[in-house]
Number of protein chains: 2
Amino acid sequence: MAHKKTLTDITIIDVAREAGVSYSTVSRVVNNKSYVKPETRERVTQAMHRLGYQANLQARSLAGGHSHVIGLLVHNMSTQYMGEIFRGIDDVLATHNYEVMLYTTHRRRTKESAYVNMMARGLADGLLIVLPRQPEAYIESLRARDFPYVLIDQVGIDEHDVSVTATNFQGGYDATTHLIELGHRRIGKITGWMDMVSARDRLEGYKAALSDHGIPVDPELIVIGDFEKISGYQGAATLLDLAAPPTAVFASNDVMAQGALELFRERSLQVPQDISLVGFDDIPIAAILNPPLTTLRQPMVEMGRLATQMLLDWISDPEQKPASVILPTELIHRESTSLPQS
Amino acid sequence: MAHKKTLTDITIIDVAREAGVSYSTVSRVVNNKSYVKPETRERVTQAMHRLGYQANLQARSLAGGHSHVIGLLVHNMSTQYMGEIFRGIDDVLATHNYEVMLYTTHRRRTKESAYVNMMARGLADGLLIVLPRQPEAYIESLRARDFPYVLIDQVGIDEHDVSVTATNFQGGYDATTHLIELGHRRIGKITGWMDMVSARDRLEGYKAALSDHGIPVDPELIVIGDFEKISGYQGAATLLDLAAPPTAVFASNDVMAQGALELFRERSLQVPQDISLVGFDDIPIAAILNPPLTTLRQPMVEMGRLATQMLLDWISDPEQKPASVILPTELIHRESTSLPQS
DNA sequence: TATCTTTTTGCAAACGCTTGCAAAATGGTT
DNA sequence: AACCATTTTGCAAGCGTTTGCAAAAAGATA
């Protein structure tokens, strides 16, 4: 076969031949290793450019080098919540010439564990795990092999874990306090997926705010949701059907708040005149809803950015395991809350 | 080192030893090849399960096998448009045990070409390319190597290309016809990124509808946009500042329509009473906007689903190159259009 | 010039898998 | 039993890269 090699067929051997050195010298140049004479380095670099060499990712990874791939484990990539986090992740990766291997688990624990194991075998240089469901199943293994990972929106199994989270407890506390200060005393709460620490912390913040204001917690006012719109819709229906319905509702995320809004509209309830509503996250639709949603802003882009930077730093310097970070939430006042109807 | 191999260290050699066969027999079992006795196949399968063997992706790929990875090339993963397409892609991949290697180009042509070359080197079994900007730079190469790819929302360079698109011309025609039938004669048009065929086709449909209704095309009513919200905002400002402003605006996507809506709100214009507005895509926010947006629905989830199925079929049977598909757009009547104000 | 230290370079092995091909085994036919 | 065809199995090579280590080269010093 005498045809000229195409761009995608150029290997390290071709570059070595072109530059008149061994392929291990080319490897040292490609990977910015020392022990290469400046003139040799220059000659190899030019040969690489001339031939348009691109390292074969799988070979590099198999041989023990860096793949420059980050594994990203998510439940689902089609939500605005995830879109915002990914925006932050993408920003950082792009400026560091890293790519993403994306795994969507659709919340299945077994998938989560299997993916982590697969990615930790060398294909990825590190892992970003968003809202992990079962970290205990694989964290020890990742630690035993000193494999870099950062958990996002979940604290992991103990204080040695590396994570980026937000002040969910405080956010839940602030949302509830806001409603209390408006005069609401019966405040409904639609939780998130209770497997997740973020959902539990938001509920704890809600309870703490009530207690701190001398308002007893009424279990009837707490309905379990799953962060999906329909559970917000159904949760709102359950709350409105109570003998003593709430005058305000705090949903554990904006998507469920959106569902609640739809239910209120169907029941001809005006928000905020008839019933106040607070969400959580401040995903882009929060500001678009009618009325624009008052919500707790979780700095998702910043979480993605920070987690990714921490992970890349850890990969770059394996001795420097990063410290976990908790970012502040912030109450965003819009138009979905007001004094209770007298 | 006498410690037991961990789950992630089990190789094909371990399985071979456990089952008492050669590793090439294990490979034949793993890859469902023939020429393995049923009893042998069972014995190997049990050893695999017992040891929890997971093939090393990079090794498999390097050795010429299937990686079960699909390369996905997008501009940006954080938009609802992309989220919807990805939903369809994800649905299909999940049921076929394929994973995604995600590359975001942020619309840079050079990145597009480099990523395609990298992925086609064996790491991915096939490519999905969403809204390609410069297909001519790599399509020939992909074809020369019979590498499976499917273009999404772009037709490629000739009739031999494999793509999944929607009837953009017809959509633009229908949107404009809808406004004309309501009585509008001055209809503003905010285009998308004119590098893209979808943007050009929507504009052509707009022009054709005007012509077919005996309405001359006024170039002043056409402003160039880039599919981003701010260009919708600015485009709407340009249109409203005309000596003879339009009574209706057709934006080439919902995101720009959202920007136009914001501008109208700032100018105290009521939609649809003072000015009608039509978008394109029917991403999830279209129904949430105030007023809910009349728009041309592009079946994005279905596009993602279909493209992915086509690609997997092609990978599965390399002799069967799939035929391109054009999915219909559909006018979705909501509340942003009405008769022009007299 | 001899000796020592450091830098540079290339050989060889390895990574975990797939696959061509030859050898061995099996089954069928004469 | 001999022969032929098919199935099964395992050896060996290879994929493209990284890296340990030895050899060669270069530089410094006495």
Side-chain angles (χ1 to χ4, degrees), chain A residues 5-44 47-48 51-69 117-123 125 145, chain B residues 5-44 47-48 51-69 117-123 125 145:
Chain A
K5 284 197 174 186
T6 68
L7 180 61
T8 56
D9 299 329
I10 305 295
T11 71
I12 204 166
I13 309 271
D14 302 305
V15 178
R17 196 178 295 124
E18 176 84 12
V21 297
S22 75
Y23 53 80
S24 59
T25 297
V26 176
S27 185
R28 271 189 286 267
V29 173
V30 167
N31 294 294
N32 284 109
K33 297 290 168 85
S34 45
Y35 298 126
V36 181
K37 266 197 309 214
E39 308 94 78
T40 306
R41 192 179 293 270
E42 180 61 25
R43 195 162 80 245
V44 171
M48 279 165 48
L51 296 178
Y53 171 73
Q54 281 183 299
N56 181 293
L57 192 53
Q58 48 267 41
R60 180 148 77 180
S61 171
L62 184 61
H66 278 172
S67 64
H68 289 284
V69 170
N117 286 329
M118 192 187 306
M119 288 195 275
R121 292 194 64 180
L123 181 57
D125 293 338
R145 59 174 59 243
Chain B
K5 283 199 174 184
T6 68
L7 180 62
T8 55
D9 299 327
I10 305 295
T11 70
I12 204 165
I13 310 272
D14 302 306
V15 179
R17 198 178 294 124
E18 176 83 11
V21 297
S22 75
Y23 54 82
S24 60
T25 298
V26 177
S27 184
R28 270 187 286 266
V29 173
V30 168
N31 294 291
N32 283 108
K33 297 290 170 83
S34 44
Y35 298 128
V36 180
K37 261 191 323 209
E39 308 93 77
T40 305
R41 193 179 292 272
E42 181 60 28
R43 195 161 82 242
V44 171
M48 278 165 48
L51 296 178
Y53 170 71
Q54 281 183 298
N56 181 294
L57 191 56
Q58 47 269 42
R60 180 149 76 180
S61 172
L62 185 61
H66 277 174
S67 64
H68 289 283
V69 170
N117 287 328
M118 193 186 305
M119 288 195 276
R121 291 194 65 180
L123 180 57
D125 292 337
R145 57 175 57 243

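Computation of the quantities below employed the complete heavy-atom set of this structure, encompassing side-chain atoms and omitting hydrogens, waters and symmetry-equivalent molecules.
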Would you mind reading off the distance between A/R41 atom CZ and C/dT9 atom C1', rounded to a whole angstrom?
-> 13 Å
Spacing between B/Q58 atom CD and C/dG16 atom P, to the nearest angstrom = 9 Å
Whole-Å distance, A/I13 CD1 to C/dA12 P, equals 14 Å
B/Y23 OH - D/dG14 P separation (whole Å) = 13 Å
At under 4.0 Å between heavy atoms, what does B/V30 touch on the DNA or RNA strands: base, sugar-phosphate, or nothing?
-> nothing
Does A/S24 get its side chain close enough to the base of C/dC11, under 3.5 Å, for a donor-acceptor pair?
-> yes
Would you tell me if any nitrogen or oxygen in the side chain of B/T25 comes within less than 4.0 Å of OP1 or OP2 on D/dT9?
-> no
Starting at atom NE2 of A/H66, determine the distance to atom P of D/dG16, rounded to an integer number of angstrom.
-> 22 Å
OP1, OP2 of C/dG16 versus side-chain N and O of B/T11: anything below 4.0 Å?
-> no
Just how far is it from atom CZ of A/R60 to atom CG of A/N31, taken to the nearest 0.5 Å?
-> 6.0 Å
Report the nucleotide, chosen from D/dG10, C/dC17, C/dT8, that has the shortest atom-to-atom distance to any side-chain atom of B/V21.
-> D/dG10
Compare side-chain N and O positions of A/Y35 against OP1 and OP2 of D/dC21 and report whether any pair is under 4.0 Å apart.
-> no
Closest heavy-atom pair and its distance - B/S34, B/R28 | O-CD, 3.5 Å
Any side-chain N or O of B/T40 under 4.0 Å from OP1/OP2 of D/dT9?
-> yes
Residue B/S22, side-chain heavy atoms: nucleotide from C/dC17, D/dT17, D/dG10 that is nearest = D/dG10
Can a side chain N or O of A/N31 be found less than 4.0 Å away from OP1 or OP2 on D/dT18?
-> yes
Rounded distance (Å) that lies between atom C1' of D/dT18 and atom CG of A/L57 = 14 Å
Starting at atom CD of A/E39, determine the distance to atom P of C/dT7, rounded to an integer number of angstrom.
-> 15 Å
Will you find, in the side chains of B/S27 and B/S24, an N or O donor that is under 3.5 Å from an N or O acceptor?
-> no
By nearest nucleotide on DNA chain D, pick out whichever of A/K37 and A/S27 is the more 5' one.
-> A/S27
Tell me: CG of A/L62 to P of D/dG14, nearest whole Å?
-> 17 Å
Start with the C-alpha distance between B/N56 and A/L62, add both sets of side-chain angles, then the distance that settles side-chain contact (heavy atoms from CB on, under 4.5 Å), and finish with yes or no.
-> CA-CA 9 Å; B/N56 181 294; A/L62 184 61; 4.1 Å; yes
Minimal non-hydrogen separation, B/L51 against B/D14, with atom names | CD1-O, 3.7 Å
